[in-house]
Amino acid sequence: MNKKKVMHIITRLDKGGSAETVLLICRGVAENKYEMVLIYGLSQDFDKTLLSTTPLLPFTFYLLPSLVREISPVKDIIAFWKIYKIIKKEKPDIVHTHTSKAGFIGRWAAWFLRLTTYDLRLMKIIHTPHGHIFYGYYGKLKSLFFLLLERVTAKITNQLVALTEGEKNESLAFGVGRPKQWTVIHSGVEMTANRGQGAGDRLRTSLDIPEDAIVIGTVSRLEPVKGIKYFVDAVRLITKSLNRSISFLIVGDGSERKSLELRVESLEIKDKIIFTGMRNDVMDLLSIMDIYVQPSLNEGMGKTIVQAFSLGKPVVATSVQGIPYLIKDEETGLLVPPKSSEKLAEAVIRLINRREQRKKIGADAKKFVFESVDGFPRFSIERMLVLLDKLYENM
C-alpha cells in the first residue's frame, strides 16, 4: 500500500498548544499509512530538546529561520519561495498548515505550485488556525487586514479544521470559509499527572506555599492576548476582600513577564504571587491548585482548561471564542467577561467561599472531559489522531 505523504507547516515550535499538537500528529498518526514532513520556523522560545532527539523523530523536517510570526516582507518572500521549493521536492498528497502566518504563506505556496505543476494538481490543502486572530491580538485596522487575508485564503483551501464549535461558528460569522469546508477536531491533550505519594506536599514546599493556603493559578504564555494582567489585578481585589491564606501561581513565560512583575510590585502583592517560569511539570502544578483561572482575551480551545478539568479542578475563565464550548456556565465552570478583573475576582471569591460548589463543578467538568465520544475520551490524543486519519483518508 502506497503511503500518503502529509506535509505540516507551522511558524513556531515552542511550548504553546499548537506546536505540541503538531508534534503529536507527526509522531502519532499511523506510520504504516502516512509519511510525515514538517516545516517550521525557529523562535526565541524554541524547544531545543527537539534538536537533541532529531535522530529519533519518525518524520522528515525542515527548519526555515525566515518563517517568522511578525510581518516581514523580505523574510516572508524568502519563506514563500523556500516552502514552494520544498513542496515541489517532497510532492506531498496533502499540505496541512497551522496557525495564521504559516497558514497564509504555506497555503499560497501550495496553491501556486498546484496551479503550475501537473504532478501536484491533485494535492489537497488543509488549514488549522488553532484559534482565530480576529480580536484580542491587534488593533482594529490590523485585525481587519488579517481577516480579509483569511477570507481570501479560505477560497483556495480544501478543508478548514477548528478546535471547537465556538471557533468554527465565530470564523463563519466573520465570513471565513463556507460551512461545508469546516470540521471540528479537538487538540489531543495529555491528561496524566506524574505526582507520586507525597509529591504534592513537596511541590508546595519547594514553592514556599503555606500548608493551609488555598492555591489559585493560571498556566500560560505571558503574552498580551492571554490577559494575565487582569489576573494580577484580580489578585489584589481578592486579597483585599478575603482575610485568609491564599497563594497565586503564574506558570509560564513570555514577553510580558517583566511588566507583570513590575505590576505585582506596584500593587504591593509580591508576597502573594509566585512566578514559576516555564515548567515541564504543568500537570503536577495544576494538581496542587484549588481553582484554575484562564483570563484570555481570545482562545481557540484552551488545553490547560482541559487538563485542569481532567484533575477535577473548578475553572474560572473568560467567555471568548472556544472557551464557552468547554465551560457551561455554573455547571462545568464559571464564565466571566474578558478584560474584567472585577468579575474575575468575584467569581474566584465565590468559589473560595463555596467549597461544595467547587467540588461539584470540578466533578462535572472531569466527567465532561472523559466522556466517551467516537469510542475515545472526548479530548484524548487517540481521538484526535483517529479523526485526522479519517480526514486524510477522505481527502
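- More than 12 heavy atoms of other residues, nucleotides or ligands lie within 6.0 Å of NZ in Lys4, so this atom counts as buried by the packing criterion.
- The local environment of NZ in Lys339 is sparse, with at most 12 non-hydrogen atoms from other residues, nucleotides or ligands closer than 6.0 Å.
- Atom-to-atom distance recorded for Ile83:CD1 and Ser66:OG is 7.5 Å, nearest 0.5 angstrom.
- In this structure a side-chain-to-backbone donor-acceptor pair under 3.5 Å is present from Arg204 to Pro210.
- Of the listed residues (Lys360, Lys367, Lys366), just one forms a salt bridge (charged side-chain N to carboxylate O under 4.0 Å, His left out) with Asp364, and that residue is Lys360.
- Counting heavy-atom neighbours within 6.0 Å of Arg355 CZ, excluding the residue itself, gives a total of 12 or less.
- Rounding to the nearest 0.5 angstrom, the gap separating the OG atom in Ser319 from the CD atom in Glu299 is 13.0 Å.
- Looking at heavy atoms from C-beta onward, Ile288 lies in side-chain contact with Leu207 at the 4.5 angstrom threshold.
- Other residues, nucleotides and ligands place more than 12 heavy atoms under 6.0 Å from the CG atom of Asp271.
- Between the side chain of Arg257 and the main chain of Gly254, no donor-acceptor pair closer than 3.5 Å is present.
- Contact of the Tyr62 side chain with the Lys89 side chain is registered, since non-hydrogen atoms from C-beta on lie closer than 4.5 Å.
- A distance of 12.0 Å separates CG of Asp93 from OH of Tyr392, quoted to the nearest 0.5 Å.
- Heavy-atom contacts from other residues, nucleotides or ligands closer than 6.0 Å to CD of Glu268 number 12 or fewer.
- At distances below 3.5 Å, not a single donor-acceptor pair connects side-chain atoms of His98 with backbone N or O atoms of Ile9.
- Of the possible donor and acceptor atoms, one in the side chain of Ser340 sits under 3.5 Å from a partner among the backbone N and O of Lys343.
- Separating the CG atom in Leu148 from the CD atom in Glu150 is a distance of 10.5 Å, to the nearest 0.5 Å.
- We find the CD1-OG distance between Ile305 and Ser296 to be 7.0 Å, quoted to the nearest 0.5 Å.
- Trp111 is not listed as a side-chain neighbour of Thr153, based on a closest heavy-atom distance of 4.5 Å or more.
- The backbone N or O of Glu70 lies less than 3.5 Å from a partner atom in the side chain of Lys101, making a donor-acceptor pair.
- Between the Thr11 side chain and the Ala102 main chain, a donor and an acceptor come within less than 3.5 Å of each other.
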Practice problem: Starting from the C-alpha separation in whole Å, work towards a yes-or-no answer on salt bridge (Lys or Arg N to Asp or Glu O under 4.0 Å) for Glu256 and Arg263. | Solution: CA-CA 10 Å; Glu256 277 205 318; Arg263 195 180 190 93; over 6 Å; no

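- Distance check: Met301 CE to Glu167 CD gives 10.0 Å after rounding to the nearest 0.5 Å.
- Atom CG of Leu141 is surrounded by 12 or fewer heavy atoms from other residues, nucleotides or ligands within 6.0 Å.
- Note on Asp374 versus Arg383: salt bridge recorded, some NZ/NE/NH1/NH2 to OD/OE distance being below 4.0 Å.
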